[in-house]
Chemist: 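One structure coming up, written as structure tokens, with questions to follow.
Whatever order the structure lists them in is the order used to number ligands and atoms, beginning at 1. Side chains included, hydrogens not; waters and symmetry mates left out as well; all remaining heavy atoms used.
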Amino acid sequence: MNSGTGALYVGSNLKMYKDVGQTLEFFRALDSLTADMQGGDLCLFVMAAYPALYTVSTALPKLHVRLGAQDVYWEEHGPFTGAVSPAMLKECGVQVVQIGHSERREYFGETNSGVNKKVHASLKHGLTALVCVGETAQEKSWGISIERVREQTRIALHGVTAAEMERVWIAYEPAWAIGPRGTPATPEYAAVMHHALRQVLVEISADSGPHMPILYGGSVDGRNAPEFIAQPEVDGVYVGRAAYDPKDFNALIREVRQVWLSRRKRP
Ligand code: PGA
């Protein structure tokens, strides 16, 4: 089952690696390095830390790289110390919000039902939601990877309308593949998981499910990224460490774009 997204999705999550000044420089450099690809079939986005969002969107108002946040809270306002609402993100120029990253699930107690509330709140405010799903190493060893991502996806999207799903992207990121201690999934394994995810998205919405982008993330680098994109089930890559130097990220983007363009030409 091939997807029909019609665009290549490439994004990065800066996590807690860059301060405000470094984030600004990163966006400035990446935007200019990739300027010739804007307006085409490439959807490029970067999730920055909260303190940098307003600075980036005001200092660089004409960015073609979409500005993303790494998390959000579901309430509108009120006594929720430390939380940031979707409206506040909008005010900072954010277009995309990442929800349910495995580090949020592991270190901050993120639950599937919390992910669902965040998805609803974000969509209500016109944001695009990048929902992260993926099994842990233990779940993989138990042979329940597909069950796990099915459950995460079904709960995350519970009650979301077919029209709203046009603004939902999925990142398949197995927890065991993420970060300096992670091992990347093989492209074949990713393809199997993406196929299972596509099936569940189609079950949830026969209209939107076939077109929703599914990205692979977890130790993606310049060497393996083209191999992931060579899989017809993979609509994009979500990159951490290998994207933090804009020159490296630009090179990676160009490589995967070539593979993606030749993949599209195949009968
Ligand atoms: P990584 O991070 O590429 O550094 O493994 C990926 C992610 O957490 O999205």
Chemist: Output the list of atoms in ligand 1 that are nearer than 4.0 Å to some heavy atom of S219, sorted by atom number.
Modeler: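 Counting atoms of ligand 1 from 1, those under 4.0 Å from S219 are 1 (P), 3 (O), 5 (O).
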Chemist: What residue and heavy atom of the protein are closest to atom 9 (O) of ligand 1, and at what distance?
Modeler: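 In this structure, atom 9 (O) of ligand 1 has E173 OE2, 2.6 Å as its nearest protein heavy atom.
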Chemist: Considering heavy atoms of the protein only, find what lies nearest to atom 2 (O) of ligand 1 and give residue, atom and distance to 0.1 Å.
Modeler: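 For atom 2 (O) of ligand 1, the nearest protein heavy atom comes out as K15 NZ, 3.2 Å.
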Chemist: Is any side-chain heavy atom of V46 closer than 4.5 Å to a side-chain heavy atom of V96?
Modeler: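 They are not in side-chain contact.
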Chemist: Testing E233, E135, Q152 one by one against Y172 for a side-chain hydrogen bond (donor to acceptor under 3.5 Å, both in side chains), which residue passes?
Modeler: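 Single side-chain hydrogen bond (donor to acceptor under 3.5 Å, both in side chains) partner of Y172 among E233, E135, Q152: E135.
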Chemist: Which heavy atom of the protein is the closest neighbour of atom 4 (O) of ligand 1, given with residue, atom name and distance?
Modeler: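 Scanning the protein heavy atoms, the shortest distance from atom 4 (O) of ligand 1 goes to R241 NE, 2.6 Å.
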Chemist: Applying a strict under-4.5 Å side-chain criterion to I, L, V, M, F, W and Y, I'd like to know whether L44 and L261 cluster together.
Modeler: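 Result: yes, single cluster for both.
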Chemist: What residue and atom, counting heavy atoms only, is the protein's closest point to atom 3 (O) of ligand 1, and at what distance?
Modeler: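 For this ligand atom, the closest protein heavy atom is G240 N, 2.9 Å.
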Chemist: Can you tell me if H195 and Q231 form a side-chain donor-acceptor pair at under 3.5 Å?
Modeler: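 Judged by distance alone, the side chains do not pair up.
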Chemist: Do L201 and L157 come close enough that some side-chain heavy atom pair is under 4.5 Å?
Modeler: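 In short, these two side chains touch, coming nearer than 4.5 Å.
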Chemist: With heavy-atom distances below 4.0 Å as the criterion, list the atoms of ligand 1 near G179.
Modeler: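 Checking each atom against G179, I get 1 (P), 5 (O).
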Chemist: Could you check whether R241 makes a cation-pi contact with Y244, meaning its NZ or CZ is under 6.0 Å from the centre of the six-membered ring and within 45° of the ring axis?
Modeler: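 So R241 doesn't make the cation-pi contact.
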Chemist: List every atom of ligand 1 that sits less than 4.0 Å from any heavy atom of H101, numbering the atoms from 1 in the order shown and giving each element.
Modeler: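 Ligand 1 atoms under the 4.0 Å threshold to H101: 7 (C), 8 (O), 9 (O).
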